[in-house]
There are 2 protein chains.
Amino acid sequence: MQNENATIYDIASDAGVSIATVSRVLRGETNVSPATREKVQAAIDRHNYRPSSIARGMISKTTHSLGIVLPKLLNPHYAMIFSGAYEEARKMGYSMSLFPWSSIDTRAYDPATMLVERRLDGVIVCVEYLSPDHDGQVLAALRELKRFMPVVLIGCVPPWYDFPAVSNNDAAMMRQIVAYLVSLGHEKIAFIGGVQEDKDPLRRDEGYMEGLRGARLPYTGSYRVYGKGTAEAGETALGNMLDGLKPEYWPTAVIALNDLVAMGCQAAARKRGLDMPGQLSIVGCDDLFCAPYLCPPLTSINTHQQRTGARAVQLLISGEDKKETVEWELIERGSCARVIRDQ
Amino acid sequence: MQNENATIYDIASDAGVSIATVSRVLRGETNVSPATREKVQAAIDRHNYRPSSIARGMISKTTHSLGIVLPKLLNPHYAMIFSGAYEEARKMGYSMSLFPWSSIDTRAYDPATMLVERRLDGVIVCVEYLSPDHDGQVLAALRELKRFMPVVLIGCVPPWYDFPAVSNNDAAMMRQIVAYLVSLGHEKIAFIGGVQEDKDPLRRDEGYMEGLRGARLPYTGSYRVYGKGTAEAGETALGNMLDGLKPEYWPTAVIALNDLVAMGCQAAARKRGLDMPGQLSIVGCDDLFCAPYLCPPLTSINTHQQRTGARAVQLLISGEDKKETVEWELIERGSCARVIRDQ
DNA sequence: GCCCGTGATGTAAGCGCTATCATTATACAA
DNA sequence: TTGTATAATGATAGCGCTTACATCACGGGC
């Protein structure tokens with residue numbers, strides 16, 4: 001059924017030369033006579049022969065395949081990172097395989113057996129926020145992994161992680177969003193983050209707080225809440241906030257961790273009869289493909305995740321050990337309105 | 001910097017045994033004395049040794065890695081298929097790497113060099129609709145690929161493709177949607193397909209037509225249009241249809257190729273001031289995560305793409321050569337309304 | 001005392017390549 | 001003629017494993 005894969009010996013004997021000569025032709029060496037080259041090439045074509053990268057890998061100790069570890073492919077955020085990384089890898093002649101986050105985050109003896117056994121040439125790990133005790137565990141696993149292959153991190157990378165990494169300047173992003181909302185006249189600006197802790201390693205909270213301070217706005221504790229980063233969590237988070245406050249204290253703007261959360265916020269606001277953007281402005285983050293089709297179309301931060309993924313691959317292959325940030329862009333759609341002052 | 005990967009020789013000499021004995025321990029053979037086993041295991045632990053799956057693959061002629069070929073990861077439809085396939089592969093101990101559609105669809109000599117050189121244990125190919133002449137080219141490429149490794153197809157698989165495959169019964173799906181809309185009183189039902197041709201291999205057109213016939217509704221040519229399957233294409237397609245018809249002939253319901261197209265339809269209808277679902281009902285397909293958050297929340301067909309991907313992996317590994325269909329489910333949300341008859 | 005089965009271990013071939021070195025054949029200078 | 005540089009090609013040793021097959025020590029049956 002499947003045709004027995006031809007080997008270099010088959011080609012050699014078919015062409016009447018030694019395997020060394022076939023190898024020379026395969027690798028495009030010059031010291032082969034034209035006549036021989038032609039004979040060999042004909043045999044290769046005849047058998048539809050492709051040299052085994054496995055066998056080549058035995059010698060070169062390189063597999064030309066990379067890995068990417070991420071928590072959840074179905075989250076479009078990660079899908080975009082993957083897509084960018086994978087395209088770049090392909091351009092550089094590498095294949096890319098996906099591994100579950102659990103292959104890193106485990107209490108088992110060797111946290112990365114699959115990756116190490118496969119002798120990948122490198123791996124990109126997308127790090128999510130982790131509680132402090134869990135954090136130590138993961139950091140140890142990452143360091144262990146690094147002993148076997150180059151590792152580049154993406155995402156929520158605390159400053160004390162000694163790894164090359166690509167991420168956004170989250171604090172600066174937050175500051176920009178606050179400033180943008182302030183410029184529209186907002187003063188009651190809520191923040192729905194993704195981390196339960198008081199301070200996340202991304203410093204998004206801090207960026208939010210700094211933004212408020214910069215605008216000389218008071219900080220209101222009940223405007224800062226956290227969720228799991230899903231649409232449901234966003235709906236719950238904003239819903240609880242609204243239900244817990246008298247309408248006159250309702251925020252006029254919400255900064256959402258990401259577009260999923262923003263979608264949930266829209267749902268929560270709609271259920272409570274709020275006019276958007278009239279009574280509530282929302283800013284998301286990630287700029288998902290559906291953002292323009294929400295009601296109202298969602299203003300969001302395009303964080304260039306594909307570029308992030310691509311850049312991570314470049315660092316991985318070049319071996320540069322540095323932390324980089326990528327630019328972002330505020331995409332204005334219809335979800336933020338100027339505040340009408342009370343008469 | 002990276003620690004030199006230990007080999008079986010290192011372990012053997014460290015434990016004071018032969019490599020054969022180490023190999024026995026690694027593979028859990030029973031004919032090793034407990035004392036020796038312990039010594040060897042200790043050496044393995046000491047070196048953090050992981051046997052090279054590359055070297056193993058040389059012997060077993062199996063890589064325990066699968067490939068998936070798809071046109072565009074960023075399309076959430078394919079992301080879901082990938083996710084399902086990859087999870088299943090992982091469960092069975094296989095890794096999964098992604099390859100671009102172009103590695104199959106090319107005029108170059110060998111259409112699948114990357115796949116073949118990597119000696120994958122099998123590959124899943126997600127097939128999109130192809131124009132007839134292009135179709136022949138791709139079919140040839142697929143057949144060629146099949147000579148080297150097992151291939152399972154997903155998606156738009158014409159009946160004359162001699163490959164194991166997993167797909168939906170698209171025609172039946174369409175019939176169900178038409179019946180559903182008819183049950184709500186709709187008579188002017190439009191269809192926005194993804195294929196320019198008169199008949200696509202999925203027979204979605206045909207399902208649509210049969211549905212109309214089944215309900216004894218007349219077929220109106222201008223209600224059947226085609227697009228590229230994107231949101232923009234959907235917006236253009238419905239927009240052109242509406243602009244080309246007097247309002248009294250406007251359809252009261254639209255069946256969209258997928259949720260992306262449906263999103264575009266919503267935008268087109270909104271721009272023209274149509275009330276949804278009052279004046280226009282829309283049914284999508286794929287049940288994307290954002291469907292519940294659109295305005296109105298989109299009624300859609302959940303085609304269980306993750307299950308499709310998983311099933312394809314099972315066929316691939318088991319080697320069963322059959323074509324299967326997976327079930328689907330109509331998810332009612334708010335985008336379809338009962339028609340109010342003219343008085 | 002000798003033979004042989006048995007369990008534990010070692011030896012070595014080989015998977016399909018690359019890379020090093022050895023071996024030719026050819027040409028040209030001494 | 002002989003020596004020697006040069007180009008083309010072949011022979012072969014691994015890469016890190018698995019897997020026959022060989023070896024060896026030990027013990028029981030005769």
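In the text below, chain A, chain B and the rest are named by the order of the sequence lines, each starting its count at 1.
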Rounding to an integer number of Å, can you tell me how far [X] [atom1] sits from [N] [atom2]?
{"X": "B:L26", "N": "D:dT19", "atom1": "CG", "atom2": "P", "answer": "12 Å"}
{"X": "A:H64", "N": "C:dT18", "atom1": "NE2", "atom2": "P", "answer": "12 Å"}
{"X": "B:R37", "N": "C:dG7", "atom1": "CZ", "atom2": "P", "answer": "15 Å"}
{"X": "B:K39", "N": "C:dT9", "atom1": "NZ", "atom2": "C1'", "answer": "10 Å"}
{"X": "A:R24", "N": "D:dT9", "atom1": "CZ", "atom2": "P", "answer": "8 Å"}
{"X": "B:E29", "N": "D:dT18", "atom1": "CD", "atom2": "P", "answer": "10 Å"}
{"X": "B:R56", "N": "C:dG16", "atom1": "CZ", "atom2": "C1'", "answer": "19 Å"}
{"X": "B:I19", "N": "D:dG14", "atom1": "CD1", "atom2": "P", "answer": "14 Å"}

Side chain of [X] only, please: which of [options] is the nearest?
{"X": "A:K61", "options": "D:dC15, C:dG10, C:dA19", "result": "D:dC15"}
{"X": "B:Y9", "options": "C:dT11, C:dC17, D:dC17", "result": "D:dC17"}
{"X": "A:N31", "options": "D:dC21, D:dG16, D:dT9", "result": "D:dT9"}
{"X": "B:R27", "options": "D:dT19, C:dT9, D:dA11", "result": "D:dT19"}
{"X": "B:S33", "options": "C:dG16, D:dG16, C:dT9", "result": "C:dT9"}
{"X": "B:T7", "options": "D:dT9, D:dG16, D:dT12", "result": "D:dG16"}
{"X": "A:R119", "options": "C:dT9, D:dT12, D:dC17", "result": "D:dC17"}
{"X": "A:I59", "options": "C:dA8, D:dG16, C:dA19", "result": "C:dA19"}
{"X": "A:M58", "options": "D:dC15, C:dC17, C:dG10", "result": "D:dC15"}

Do [X] and [Y] pair up side chain to side chain, a donor and an acceptor below 3.5 Å, judged on atom types alone?
{"X": "A:S52", "Y": "A:R56", "answer": "no"}
{"X": "B:H77", "Y": "B:Q305", "answer": "yes"}
{"X": "B:D10", "Y": "B:H47", "answer": "no"}

- In Å, rounded to the nearest 0.5 Å, how long is the span from NZ of A:K39 to CD1 of A:I11?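 Going from NZ on A:K39 over to CD1 on A:I11, the span is 13.5 Å.
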Using a 4.0 Å heavy-atom cut-off, does [X] contact any base of the nucleic acid, only the sugar-phosphate backbone, or nothing at all?
{"X": "B:S23", "result": "base"}
{"X": "A:I54", "result": "nothing"}
{"X": "B:S60", "result": "nothing"}

- Query: Is any side-chain N or O of B:S18 closer than 4.0 Å to OP1 or OP2 of C:dG10?
  - Reply: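 B:S18 to C:dG10 OP1/OP2: side-chain N or O found under 4.0 Å.
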- Under 4.0 Å between a side-chain N or O of B:T21 and OP1 or OP2 of C:dG10?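 Yes.
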- Item | Passing candidate, side-chain contact (heavy atoms from CB on, under 4.5 Å) with A:T308, options A:I124, A:I154, A:T325 |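 Result for side-chain contact (heavy atoms from CB on, under 4.5 Å) with A:T308: A:I154.
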- Closest-nucleotide 5' rank along DNA chain C - winner of B:V32 and A:V22: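 So the residue in question is B:V32.
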- Item | Earlier contact from the 5' end, DNA chain C, for B:A55 and B:T36 |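 Checking each residue's closest nucleotide, the 5'-ward one belongs to B:T36.
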- Under 4.0 Å between a Lys/Arg side-chain N and an Asp/Glu carboxylate O for B:K322 and B:E324?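 A salt bridge links B:K322 with B:E324.
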